[in-house]
Amino acid sequence: EDYARIVQTHMDTIYRIAVSYTKVPSDADDIVQQTFVKLLTKKTAFTDREHEKRWLIRVCINECNSFFSSFWRRNVDSMDTLTTEPQFTTPENIELYDAIRQLPGKCSIVVYLFYYEGYSTKEIAEMIRVREATVRTRLVRARKLLKEQLLQSVMHVVIRMMLNSMQKMLVVPIMSI
């Protein structure tokens with residue numbers, strides 16, 4: 001029953017971390033499964049709920065790293081594509097989600113842990129076993145990439161609007177003749 005509670009409590013977080021690394025839901029499902037199998041087989045004694053969450057995040061990240069270094073992953077092209085998209089209420093949220101999905105895995109995981117899970121850069125550094133300065137660098141890099149992607153997207157919208165308006169201006173005088 002304790003195992004079921006842990007799985008129920010942390011499934012969503014572990015899945016989102018796995019998807020942010022793999023970008024493919026079926027691969028993320030495999031990683032989540034491996035993470036919770038390790039929980040079942042390791043019989044780790046947790047000091048509190050935060051300890052169990054951090055342990056699961058660390059195992060998930062290790063599983064993601066193992067997944068990318070596996071022979072299968074390096075030598076077989078995945079035919080999976082993202083088929084189910086989360087539902088958003090505004091177009092801005094959709095654009096942000098798409099931009100975050102396009103970030104490299106090392107950047108997207110720190111963005112997720114920092115902004116969505118609320119961990120500090122020090123805590124993230126401990127979890128993913130890098131220096132705190134590395135986490136801050138990845139956050140800066142991710143913000144810069146997101147800014148570039150979103151600005152580029154906005155520029156496309158502005159140009160499209162300008163072209164539409166110019167086209168309407170050209171059509172009106174011709175129709176009045």
* Go through V135 and R138 one step at a time and tell me if the side chain to side chain contact (heavy atoms under 4.5 Å, CB included) criterion holds. => CA-CA 5 Å; V135 172; R138 289 178 184 174; 5.8 Å; no
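- Taking CD1 from I124 and OG1 from T134, the interatomic distance works out to 12.0 Å, rounded to the nearest 0.5 Å.
- What you find for P25 and V19 is that their closest heavy atoms are CA-CG2, 4.5 Å.
- The structure places CG of L146 at 6.0 Å from CD of Q149, a figure rounded to the nearest 0.5 Å.
- Remark: side-chain polar atoms of Y3 are paired, donor with acceptor, to backbone N or O of F36 under 3.5 angstrom.
- Pairing each heavy atom of R5 with each of T9, the nearest pair is O-OG1, 2.7 Å.
- A distance-only check finds a donor-acceptor pair linking the side chain of E123 to the backbone of S120 [under 3.5 Å].
- Taking both residues in full, the closest heavy atoms of K122 and E132 are given as N-OE2, 3.6 Å, listed atom of the first, atom of the second, then distance.
- Rounding to the nearest 0.5 Å gives a distance of 8.0 Å between CG of L39 and CD of E52.
- L103 contributes atom CG, which lies 6.5 Å from atom NZ of K23 (distance to the nearest 0.5 angstrom).
- The neighbour count for R143 CZ, taken as heavy atoms of other residues, nucleotides or ligands under 6.0 Å away, is above 12.
- M162 and L151 fall into different hydrophobic clusters, where Ile, Leu, Val, Met, Phe, Trp and Tyr residues are linked whenever their side-chain heavy atoms come under 4.5 Å apart, directly or through other members.
- The two residues C107 and V110 come nearest to each other via the heavy atoms O-CG2, 3.1 Å.
- The line from CD of E117 to CE of M127 is 8.5 Å long, rounded to the nearest 0.5 Å.
- Looking only at distances, a side-chain donor or acceptor of S108 sits under 3.5 Å from a matching main-chain atom of S20.
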* To do: I would like to know whether K42 and W55 meet side chain to side chain contact (heavy atoms under 4.5 Å, CB included); could you show each step before the answer?
  => CA-CA 11 Å; K42 292 291 182 186; W55 186 89; 4.2 Å; yes
* Yes or no on side chain to side chain contact (heavy atoms under 4.5 Å, CB included) for Q33 and D29, after CA distance, side-chain angles and deciding distance? -> CA-CA 6 Å; Q33 183 177 14; D29 289 338; over 6 Å; no
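- The nearest pair of heavy atoms linking I14 to I57 is CD1-N, 3.8 Å.
- When each of N62, D30, T22 is paired with F67, the side-chain contact (heavy atoms from CB on, under 4.5 Å) condition holds for T22 and for no other.
- Cluster annotation: V37 and V7 are assigned to distinct hydrophobic clusters (Ile/Leu/Val/Met/Phe/Trp/Tyr, side-chain heavy-atom contacts under 4.5 Å, transitive).
- Checking side-chain atoms of R58 against main-chain N and O of I128 turns up a donor-acceptor pair under 3.5 Å.
- Once rounded to the nearest 0.5 Å, the distance linking NE2 of H51 with CZ of R54 reads 9.5 Å.
- Salt bridge present: E63 and K38 bring a charged side-chain N and a carboxylate O closer than 4.0 Å.
- Using a 4.5 Å heavy-atom threshold, the side chains of K144 and E148 count as touching.
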* To do: For I31 and Y21, run side chain to side chain contact (heavy atoms under 4.5 Å, CB included): C-alpha distance rounded to whole Å, both residues' side-chain angles, the deciding distance at 0.1 Å, then the answer.
  => CA-CA 10 Å; I31 288 169; Y21 260 89; 5.8 Å; no
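- At most 12 non-hydrogen atoms from other residues, nucleotides or ligands lie less than 6.0 angstrom from CD of Q8.
- Cluster membership check: V140 does not share its hydrophobic cluster with Y112, using side-chain heavy-atom separations under 4.5 Å among Ile, Leu, Val, Met, Phe, Trp and Tyr.
- Closest approach of T35 to C60, counting heavy atoms only: OG1-CA, 3.5 Å.
- Atom CZ of R141 sits in a sparse spot, with 12 or fewer heavy atoms from other residues, nucleotides or ligands closer than 6.0 Å.
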